[in-house]
Each structure stands twice: as structure tokens, then as C-alpha cells.
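In what follows, residues are counted from 1 in the order of the sequence shown.
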Amino acid sequence: MKKNVTKVTSYVLLFALALSIIASGVASKAVHAIGVSITGSGGWNETAFVEWSPVSNAQGYNVYVKPASAADSQYKQMDTQLIRQYPSKWRADAVGLAAGNYVMKVEAVLSDGSKESNVSSTLTVKAHDRSGFAFANQSTFGTGSGAYNEDGTLRNGAQVIYVTSATAQTVTLDVITSSSGAKQTAVGLGAILALRQKGYDQTPLAIRFIGKVTDSNMGSSINSSGFLQVKGASAYTRMNTTIEGIGNDATVYGWGFLLRNVGNVEVRNLGILLFQDDAVSMDTGNVNIWVHNNDITYGKAGGDADQAKGDGSTDLKGASTYTTISYNHYWDSGKAALIGLSESSEFFVTFHHNWFDHSDSRHPRIRKGTIHIYNNFFDGVSKYGSGMTTAGSAFVESNYYRHSKNPMLISLQGTDIAGGAVGTFSGENGGMIKAYNNSVVDLVGGLIYANSNAGSAPANATSFDAYLASTRNETVPSSYKALVGGTSYNNFDTTIDTGVNAADIDSVSTVEQVVTAEAGRLGNGDFTWAFNDSVDDTSSDLNSALMTKILNYTTQLVSVGGNSTPPTSTPAPTTSPAPTTTPGTSIVHNFTTNGKTSSFFTIVGNLSTSKGTVVYDGLTLTQCLKMESSTSVGFTTTTAKTLTLVFNPANGLKVKIDGTSYAMTNGIVSVSLAPGTHTIVKEDVTNLYYMKVE
């Protein structure tokens, strides 16, 4: 009995102690019962995301990302625009990540000033597939990675602007407009690109779209044909620009893109709905263009009978070359891709891992070009697959055709004129197709090989749809020629750099699985539709139910921004001695995190957060000191040092240090300093983001 009394007494005491601890906690801090509850996360191609439930008394959120194996001190704070609110959740997407494992931390800033945080599980990030002609022979022709390095990280000195329905006409950026480095502040996305059209400012630029941006949101930023124009001063002007969607719901709605006279431009991770004319028109004098991972649905009806679904989806012409079109999801497109119009010389384009989802024709339709077509999923194509005319050559390999009509056509021969048909391609001369290792399941129409009876008709050396190669690197004999025009296959795939190695080619048995999982936007995007194969495989009519869903598409986005402020360093007490610059030490000033507060630098001038974003040494810099007549930065060194300054704009400008002018190189000025007192002042109007004395 005594033992039982002792046990009960112990329970009572423990219970009382627990109540005391709870009461003490309540008294010292407001109760936050849930904290940050992460509800979803994942990695994709050079990006990762995290989602969480709203915290009831949070006034804002900060989100950070770091490599999974790195110390907590390596967390990098993400731009606030990458944090968005939806009806029942918040979400943040980290972009510009090299392949690897990462974790993301969500920090809720509570109304009483305290903070709560939670960390995601390990997120695996993959690299984008940089294959094809946009990446061939880079030492001569460059790359198609736009504002990004080949590992997926932003290029040094890159600028970043964010475009939403609210900011499309008000976003600002200072653009260099002359060879002397003069610049002008452009207001609105169209104005920014119009000033860059002059060709003086080739600073890498990432244009990041968030949510649904309509033609009415764009206003005068698009032209009368419904295009946002990305143009250069002359053919192949290097624009170093990436146009990208953030997350899985970035959508351009009611308009499209016109690329002309530009080099190194990337368009990715966007839904393009109800465009006028073309979704992405690569029109005249472009090089190193990469259009990938986009969802492309119906355009607005044109004036011709065959334009009920819009005109072209991804058309290319006018001596545009070294282009890769990959991992796009074409939803019942009427005309997927016209490649070439009236070119006088050879050009080079790659199509790979695209999902031609019940689209009708032009996958692609080729004139003159040298085209590589591999690992695409032709899913219930109703008219024809790839069409060859006008002395072109195409290598068609390891594609999967499911219940698709006429997988390969050459103008005025073979299946194109079978049964007395007049031909598909307006009487144009033919070209040549080399086919290898394609899977054709439940063929509709015809497929005649020149040197095999493996198709739907006996071999025919004079009127065929393609030459069937027995090995990938087989050379097509010159004796096989187009019936009309006499063109022989140019065997480009065995003689030049195509930007594709055999290891880049997925097994044809996996093409359907790979493409349906990876084509289109992140996570297949926020727009869904299930086709009825029994009807839609063979019908080229506009799907009225699909069009209705497109017309009624609305975004679920509620707001953009974490509604918090970047953390700032605590100013040093006025009684503390200023730091000394002993050998081997560095003094760093980051205007984004420190503003004008420093115990080493004396800073006079105005700050700004509207001059664009700069990425330097792994940091995302969003606040700057405006270099104006009234601006000055002073400091003293006791030993010889090196001063590094980071600016935006990045090219053609100068700053004055100790009375001497120094020109920027990619936005960087690095100067050796003798011991003594130093002063930084304006030479040209620019923006200073970061300083380091080491």
C-alpha cells in the first residue's frame, strides 16, 4: 500500500511540474501551436520547390536554400518574388541550381517579431538536357543557355527581373544604349527589350514570369500581332537572355514570342495559351535558340480554314539556325512546327523529347534545313509526322509513334502521292529522310522504306518515305535521291557536330514513359486534359471541350512575395573600435543585407531595390547604392589591399576611385590599393551592389 501511495504522489508531482512548465512557457511567449508545416517539396531540372501551410500569426516568410551537405551558414536567401501565396498554401521555387542534392528552409516571421522555421527533406535536382544543335560546336557557335551557365547557375553579373500580371508594364531596368555606356531607365517589359534591341547591352538577363500574364496585362509591351519582341540590332546579336516561368503555373495567355536577329536566347517552363499567330516565332537571323519544357495549347483562330487552332506553334525561318526544340508538350496543335520558308542555305535544328499529343501535322514540316529528330512521342497524330521538302535532310531516330498517321513523308513521292493523292506540300520538291530504330505501333496510313519492306508497302528505291538505316552511323548512298528535285541525303549525322552523342539517345522502349513524365512544365504544369484516343487519334477538328477549358483557365495564384524583409546585420555599437585591415583579412559590404550601415566604410548616397538583381559569388543581390553626383564611399587601409566592386549595369561604364577612372568588366572593377585613405565616387551613373577589401 505504501508503494502505491508513493507512485500516485510521484504522478501528481510530475503533473504539477508539467503544468508549471507549460504555464511558464505561455507566460514568456505567445503560443504558436503549429509552427511551419511543410506539406510538399521536390526537385526538378535545375530547380527545387517547397510548399507549406499558412502560419496563422505570420506576417511574412523568408525561404533559404543550400546544398544538403553544406553547413547551415551556407544557406542563401531566395528573392522574395519566388515566394507565392495560393488559396490553401504557400510555395517557393529555387531556380538556378546546379545538379545535386539540396534542402530548403522556410522561416515564418511572426507578429511578435519571433521566428519559426522548418527544413525540407533532401531534394534531388537534375540538370536540363542540353543536347542538340543549340549546343553544338560551342567554341564557334556558342550556346543556347541564355542567362545561365552550362551547369544551370546564373552567369556572373546576370540581371534578373520578375514579371507578373501587375508588373508587366511597370517593371524597370537600366539599359545601356550607346557605345559610350550611356544608359536609360526602361519602364515595362516591352520597353526594356526595345532598348536592348540596340545591341549595346548584352548583360545576361533572366526574365522570370510568375502566374498568369494576359495580353491585357502586357498592354503596349506586345505588338499589334500579339508578340513580345525579343530582337537584336542585326542578325545573330548575342542577347544572352532567358525567358522562364517560375513554378508549375507560369502562363502567358493571349500572346506569344517573336525572336528576331538574336543569339543565345532560351524560352522555358511556360504555358502558352491562346497565342496569336505563333506561340514562339523564330523569325529571321537567330542563332543558338533553345525552346524547351513548355506547354503549348491552342492559339486564336486565324483567317484560313486550317488555322482554327491557331497558326504555328514553334515556327523557324529566315536563316535562323543552331536551334534546339525539346521537351515541349504540344496539345492538339494544328501545325506544330514549320521549319524553313525561303532559305537559300543550309541551317540546323534539333527536335527531341517533344510530346506531340494528338497534334495534327508539321512535326516538323521542313524546307532546306538539316534536321535531327529523335526521342519524340508521336501520340495519336492525325495527319502526318515529319514532312520533308526542298532539298532538306532529316535524321529521324528512336522516336515512338503510337497510332499515328504517315510518320514520315517526302514531297511528291511514296505515301505522299499514294493512291493518286496530289501531295501534301504544295507541289514542292522533295528532300531526304534517314530513319533508324523508330518504333511504329498501330500504324495509320503508310510508311515506305527505300531499302526494306519493313513498312506498310514493299521496298521502292524510286518512290519512298525514308531510307531505313541498319546502324545509327550508316551512310546513306548517294544513289538514293528525292524523286522530284534529285536531292541526296547529306549524311550530316556522320560528318558534323550535332550536339548529340549516342549516350544522349534514350532507348526507344522508354520514350513514351520519359516524354510523358518530363515534357512540358515542371510537374506537367497546372493545366490538365485527358484526350479520348478512340476519337482524338484520328480527328483533326478543334476539340471544343478543350477550347472551353482553355478559355476558362484561371490562375490560383493569390499574391507574389513573402511579405517579409531580408535580414539586416546589426549595426556595430558606436563605442566599438573600427575593424583594422590586417594582412589576410577581408572586409565585405553587401548593400542587400547591410544597407549603408558599416563600421569600416563611410557611405553617403541613396539606396534602391528597383535596379534589377545581380548574382555574384553565389549571392543574389537585390539592393544597391546609386552612383550619383552626391554619392561617396570612404575608407582607410593600413596595408596594401585589393578592392573589388560589383555593379549593374555591367558593361561599358566607369567608376572613379581616388580620382582615377576604372572601367568595368562584366560589372566588376578590381583595383590594387596602397595603404591610406580611399574614396569611391561617380564617374558614370551606375549601381553598386557589393564591395570587398582583401
Side-chain angles (χ1 to χ4, degrees), residues 60 62 64 76-81 109 113 157 159-160 172-174 183 185 561-581 585-638 641-650 653-662 664 667-671 673 676-694:
N62 300 312
Y64 307 82
K76 303 296 184 184
Q77 184 170 354
M78 293 165 44
D79 292 350
T80 188
Q81 297 94 329
V109 181
Q159 300 169 325
V160 178
T172 63
L173 187 68
D174 289 342
K183 57 189 175 303
T185 300
N563 301 324
S564 185
T565 56
T568 57
S569 63
T570 302
T574 57
T575 56
S576 297
T580 57
T581 56
T585 64
S586 296
I587 301 295
V588 170
H589 189 85
N590 181 337
F591 286 98
T592 299
T593 57
N594 297 100
K596 294 190 293 181
T597 301
S598 174
S599 58
F600 178 73
F601 297 98
T602 301
I603 301 170
V604 177
N606 298 310
L607 298 173
S608 175
T609 58
S610 64
K611 302 302 181 182
T613 298
V614 172
V615 175
Y616 176 77
D617 197 24
L619 300 171
T620 300
L621 309 174
T622 59
Q623 181 167 256
C624 64
L625 178 71
K626 296 193 292 183
M627 298 303 295
E628 302 168 321
S629 298
S630 59
T631 303
S632 67
V633 178
F635 59 98
T636 300
T637 62
T638 58
K641 293 292 179 183
T642 298
L643 170 67
T644 300
L645 305 176
V646 179
F647 295 90
N648 174 31
L653 302 181
K654 295 180 180 179
V655 65
K656 190 170 288 186
I657 304 170
D658 297 339
T660 302
S661 296
Y662 294 90
M664 302 171 195
I668 309 297
V669 170
S670 185
V671 178
L673 300 176
T677 299
H678 306 284
T679 304
I680 305 167
V681 297
K682 165 187 170 290
E683 172 78 17
D684 294 318
V685 176
T686 185
N687 306 296
L688 177 60
Y689 283 73
Y690 184 92
M691 304 184 292
K692 179 166 64 175
V693 175
E694 60 183 340

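Side-chain atoms of H589 come within 3.5 Å of backbone N or O of G595 as a donor-acceptor pair. At distances below 3.5 Å, not a single donor-acceptor pair connects side-chain atoms of N648 with backbone N or O atoms of Q159. With hydrogens and angles disregarded, a donor-acceptor distance shorter than 3.5 Å links the side chain of K596 to the backbone of G605. A side-chain donor-acceptor contact under 3.5 Å links Q623 to the backbone of F591. Listed for the T631 side chain is a donor-acceptor partner under 3.5 Å among the backbone atoms of K626.
Here the closest heavy-atom approach between residue D658 and residue T677 is recorded as OD1-O, 4.1 Å. Taking both residues in full, the closest heavy atoms of M627 and F647 are given as CG-CE2, 4.1 Å, listed atom of the first, atom of the second, then distance. Nearest heavy atoms, T622 versus Y689: C-CE2, 4.1 Å. Between S670 and T642, the shortest heavy-atom contact is OG-CG2, 3.5 Å.
Around NZ of K692, the count of heavy atoms belonging to other residues, nucleotides or ligands within 6.0 Å exceeds 12.
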Chi angles and distances behind the side chain to side chain contact (heavy atoms under 4.5 Å, CB included) call for T592, T620:
CA-CA 9 Å; T592 299; T620 300; over 6 Å; no

Apply side chain to side chain contact (heavy atoms under 4.5 Å, CB included) to I680 and V655, showing your working.
CA-CA 7 Å; I680 305 167; V655 65; 3.9 Å; yes

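Annotation: side chain of L173 is not in contact with side chain of T185 (no heavy-atom distance under 4.5 Å). In this structure, I657 and L645 have side chains that are in contact, with non-hydrogen atoms separated by less than 4.5 Å. No side-chain heavy atom of V669 sits under 4.5 Å from any side-chain heavy atom of K654. Residues V646 and I668 meet the side-chain proximity criterion, which asks for heavy atoms closer than 4.5 Å. Looking only at side-chain heavy atoms (C-beta outward), M691 and F635 stay at 4.5 Å or farther from each other.
Y690 and Y616 have tilted rings, their planes meeting at an angle from 30° to 60° on a 0 to 90° scale.
To the nearest 0.5 Å, atoms CD (E694) and OG1 (T644) are separated by 5.0 Å.
Remark: Y662 engages no residue in a ring pair (Phe, Tyr, Trp, His ring centres under 6.0 Å) (not counting sequence neighbours). Partners of S629 under the side chain to side chain donor-acceptor pair (under 3.5 Å) rule, at least two apart in sequence or in another chain, do not exist in this structure.
With V633 as the fixed residue, the side chain to side chain contact (heavy atoms under 4.5 Å, CB included) test singles out one of T602, L625, V604, V681: L625.
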